[in-house]
Every structure is written in C-alpha cells, then in structure tokens.
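When reading the values below, keep in mind they use all heavy atoms of this one structure, side chains included, and skip hydrogens, waters and symmetry mates. Numbers restart at 1 for each chain; the letters A, B, ... are given by sequence-line order, proteins then strands.
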There are 2 protein chains.
Amino acid sequence: MMTTVRPYARVLDRLKSAGLRPTRQRLALAKLLLEDSDRHVTAEQLHGEAIDAGIKVSLATVYNTLHQFTKAKLLREVVVESGRAYFDTNTSDHHHLLNEDTGELSDISDSDIQLSQLPSPPSGTKIDRIDIIVRVKSDS
Amino acid sequence: MMTTVRPYARVLDRLKSAGLRPTRQRLALAKLLLEDSDRHVTAEQLHGEAIDAGIKVSLATVYNTLHQFTKAKLLREVVVESGRAYFDTNTSDHHHLLNEDTGELSDISDSDIQLSQLPSPPSGTKIDRIDIIVRVKSDS
DNA sequence: GTGTTTGCAAAGTGTTTGCAATTTA
DNA sequence: TAAATTGCAAACACTTTGCAAACAC
C-alpha cells in the first residue's frame, strides 16, 4: 500500500507547488507522466493511455493539462516535426536524438554533447534555450 | 533587359537539373525564392507574395512546389514550432537563431557554432543531420 | 458558495489529396 | 498526343475555444 501511496503524494505535492489544483484528471495524468523520467508523449498517446487505465478524461483536457504542466515547468515541449507536439518529462538541460525512420525520440544527456562555440545573441536579447536535434537514419 | 533575363535563366537551369519541368508556376516561385539566399518562408507567405506579384497560383500548388524543391535540395525545411513549416533557401550546413518574441528566424553560419563532442549514433544508424536552434528572447 | 476545471462539440489551424482540366515537351 | 502539372474543393490531422455542468476548496 505504501508503495502506491507515496508516488501519488509526490505527484500531488508537485501539482500543489506548481499552483495547480489537484483535480482527479490532473492527478491521473500527472501519475502517468511524471512517474517515469524519460518519456516523450503526444496528447493523443497520453489520452489513449489514460483511457486504457480507466481514467475518464477528454482529449481537450489532455491538451489543456499538457500546456499547463509545460507552463509550470513540469514538462517541456519538444519540436521535432511540424504538425505534432511532443512533451518531454525530462525538464533538465538535455538534447534529442531522432530516428527519422521510426520516429523514435530519445534523450541525449547534456554531458554527451558539447558546444564549444556559440554566437552571441543579438543585442537586447538573451539566450533562452538551445535545442539540438541529432537526426539519424538507417545506414544501410 | 539582360539583368532580368539572367536570373531567370539561372533559375531555369536549376529546375532543369533538378529534373523538374520549368512550368510557369514553378519558375515564378523559384524566382521569388531562390533569388535571395537567406529566406525563411511559409507556404502561406510565399503564396501571398506570388499573388501580389500577379502570379496566378493556388496554395496547394505552392505546398506541392515547396516539397518538390525540398526533395530536390533546392530548399531545406526547418522545424521551429509545431504547426507551421518553414522553408529555408539556404541549403548549406548552418543553424538557426529564433527570436521567440517576434518569431523571426535567422541563420547562424556553421562556423559560428562548434560542436566539440557528439554522441555516437545507435548501431545501424548514421547521422543524417544535426539541427541546432538557439532560442533567444528579450532580456528585459 | 465561489471560482476553477471539465467535457463536449464546434471551430480553427495548417496541410494534403483526388480528380478533371490544362499545360508542357 | 502522352505524360506531367495545376487548381479547386474537399478531406485531413492536430489543436484550441465557448460554454454549461461538475467539482474543489
């Protein structure tokens, strides 16, 4: 019992400290998402998982929730292709490897990639974030 | 006269060597696109420019043409946000700087950014391309 | 109770497709 | 004239929105 209660409490605290009311749907989605630390999901995928898990939630709410979580820094949005939004449960500094054949997206830890030279940002601006996507394909 | 004929011929040759029939629409779009070397356009933008220039072309044809040009390596697609495709007239190795406040996208030359360490691609795959997007915002 | 959140369906993007009419070589 | 290309409208995938009902505090 403890083993199920503890992660639930952890998720609840994370929602609370993000200023998000721990509603039934948000808690359930947060549990699905935040329990694992290296997930890349689309809204559609997460909705499917929630339904499979017996959670009654609409796709619109999944979208809204994903954006609220992103704004609260519980998630990060990754843009790899136009027309589909991926959300990453790993919010620490890191980059991505995309298999163009399979569409599979995986993390590259910040320490596995080194930028030794950077342009200086135009005056009046500062660097918000640097996204690196290493696109690979079958070498056959 | 010469000054207008020459770029037209250049564009015509580029279409021909890409194996694309130089139709009226393709020639016109190619002229709009390929004359300048650092453009980032959306289909909608280019369609607007074509109409303004008095070229009769449909949005569907603009989309088709952009994709044909991309396949023929006359353009390169840049993914900066989900839900909108940008096409870059600069097909050489380079990266991008995105102003998140204005949406403005500009080039970073390959020599202004140095990757000193890279992960090795998973076995059976090879690196196709590395996309780096430096996202900046107002520092106020 | 009061303000927030939800679900639904409807509307909104941006993009692609099917097919008859047109154009090109 | 044969094959490729075009335009249109309709279909598409993904995402957002408006609003009444349900819920959390």
Side-chain angles (χ1 to χ4, degrees), chain A residues 8-9 11-32 40-51 53-72 74-75 77-87 103 105, chain B residues 8 11-13 15-32 40-51 53-72 74-75 77-87 103 105:
Chain A
Y8 179 90
V11 158
L12 190 138
D13 286 342
R14 294 187 68 184
L15 286 187
K16 278 190 180 165
S17 49
L20 294 169
R21 275 198 189 173
T23 63
R24 204 182 334 290
Q25 287 83 344
R26 290 217 271 239
L27 267 171
L29 295 177
K31 277 197 76 178
L32 285 176
H40 304 96
V41 294
T42 64
E44 203 100 25
Q45 266 170 32
L46 182 60
H47 183 237
E49 285 181 29
I51 297 301
I55 300 153
K56 202 173 157 296
V57 63
S58 73
L59 182 57
T61 297
V62 172
Y63 272 107
N64 291 337
T65 304
L66 286 171
H67 286 139
Q68 290 156 353
F69 284 9
T70 301
K71 192 150 38 157
L74 267 46
L75 295 177
E77 190 173 351
V78 191
V79 181
V80 285
E81 48 178 317
S82 52
R84 185 173 245 98
Y86 283 86
F87 294 86
L105 188 64
Chain B
Y8 180 90
V11 157
L12 190 137
D13 287 342
L15 286 187
K16 277 190 179 165
S17 48
L20 294 169
R21 276 196 187 174
T23 64
R24 204 182 334 291
Q25 287 84 343
R26 291 217 270 240
L27 268 170
L29 294 178
K31 277 198 75 179
L32 285 176
H40 304 96
V41 294
T42 65
E44 202 100 27
Q45 266 171 31
L46 182 61
H47 183 237
E49 285 181 30
I51 297 300
I55 300 152
K56 202 174 156 297
V57 64
S58 73
L59 183 55
T61 296
V62 173
Y63 273 107
N64 291 336
T65 304
L66 286 171
H67 286 138
Q68 291 155 353
F69 284 9
T70 301
K71 191 148 43 160
L74 267 48
L75 294 178
E77 190 173 352
V78 191
V79 181
V80 285
E81 48 178 316
S82 52
R84 186 173 245 98
Y86 284 85
F87 294 87
L105 187 64

Open item on the list: Tell me every residue that passes side-chain contact (heavy atoms from CB on, under 4.5 Å) with B/Ala18, counting only those two or more places apart in sequence or in another chain.
Closed with: B/Leu20, B/Ala72, B/Leu74

- [ ] Nearest 0.5 Å please: distance from the CG atom of A/Leu105 over to the OG1 atom of A/Thr42.
- [x] 11.5 Å

Task: Side chain to side chain, A/Ile55 and A/Leu32, heavy atoms closer than 4.5 Å - done: yes

Task: Exercise: identify the closest heavy-atom pair between B/Leu29 and B/Ala50 - done: CD2-CB, 4.0 Å

Open item on the list: Would you compute the distance between atom CZ of B/Phe87 and atom CG of B/Leu46 and round it to the nearest 0.5 angstrom?
Closed with: 9.5 Å

Task: Sub-4.0 Å heavy-atom contacts from residues 63-70 of chain B onto DNA chain C, ordered by number - done: B/Tyr63, B/Asn64, B/His67

Open item on the list: Nearest heavy atom decides the nucleotide; on that basis, is B/Leu59 or A/Ser58 closer to the 5' end of DNA chain C?
Closed with: A/Ser58

- [ ] Can you tell me the distance, in whole Å, between the CG atom of A/Leu27 and the C1' atom of D/dC25?
- [x] 14 Å

- [ ] Could you list where the contact with chain B starts and ends along DNA chain C, reading 5' to 3', using a 4.0 Å heavy-atom cut-off?
- [x] C/dG14 to C/dA25

Task: Any residue meeting ring-ring contact (aromatic ring centres under 6.0 Å, His included) with A/His47, in chain and number order, not counting sequence neighbours - done: none

Task: Strand contacts (DNA chain D) in residues 18-26 of chain B, 4.0 angstrom heavy-atom criterion - done: B/Arg21, B/Thr23, B/Gln25, B/Arg26

Task: Residue pair A/Gln45 / A/His40: nearest heavy atoms and the distance that separates them - done: OE1-O, 3.6 Å

Open item on the list: Rounded to whole Å, how long is the line connecting atom CZ of A/Arg84 with atom C1' of D/dC12?
Closed with: 12 Å

Task: A/Glu44: partners by salt bridge (Lys or Arg N to Asp or Glu O under 4.0 Å), with sequence neighbours left out - done: none

- [ ] Name all residues meeting the salt bridge (Lys or Arg N to Asp or Glu O under 4.0 Å) criterion together with B/Glu49; count only those two or more places apart in sequence or in a different chain, and write none if there are none.
- [x] B/Arg39

- [ ] Would you indicate whether the side-chain heavy atoms of B/Val79 and A/Val80 approach each other to under 4.5 Å?
- [x] no

Open item on the list: Closest-nucleotide mapping onto DNA chain C: is B/Ala60 or B/Gly83 further toward the 5' terminus? I mean the 5' end.
Closed with: B/Gly83

Task: Distance in Å, A/Arg14 CZ paired with A/Leu27 CG, rounded so as to fall on 0.5 Å steps - done: 12.5 Å

- [ ] Give the dot-bracket string for DNA chain D, reading 5' to 3', where a pair is Watson-Crick or G-U wobble with both distances under 3.5 Å, ( ) marks pairs inside the strand, [ ] marks pairs crossing earlier ones, | marks a partner on another strand, and . marks unpaired.
- [x] |||||||||||||||||||||||||

Open item on the list: Listing request: all side-chain hydrogen bond (donor to acceptor under 3.5 Å, both in side chains) pairs with a residue in residues 18-29 of chain B, at least two apart in sequence or in separate chains.
Closed with: B/Arg26-B/Gln68

Check residues 56-63 of chain B and write down every donor-acceptor pair under 3.5 Å in which the side-chain atom is one partner and the other belongs to a residue at least two apart or another chain.
{"unit_1": "B/Ser58", "atom_1": "OG", "unit_2": "B/Thr61", "atom_2": "N", "d": "3.2"}
{"unit_1": "B/Ser58", "atom_1": "OG", "unit_2": "B/Thr61", "atom_2": "OG1", "d": "3.1"}

Task: Separation of atom NZ in B/Lys56 from atom P in D/dT5, rounded to whole Å - done: 18 Å

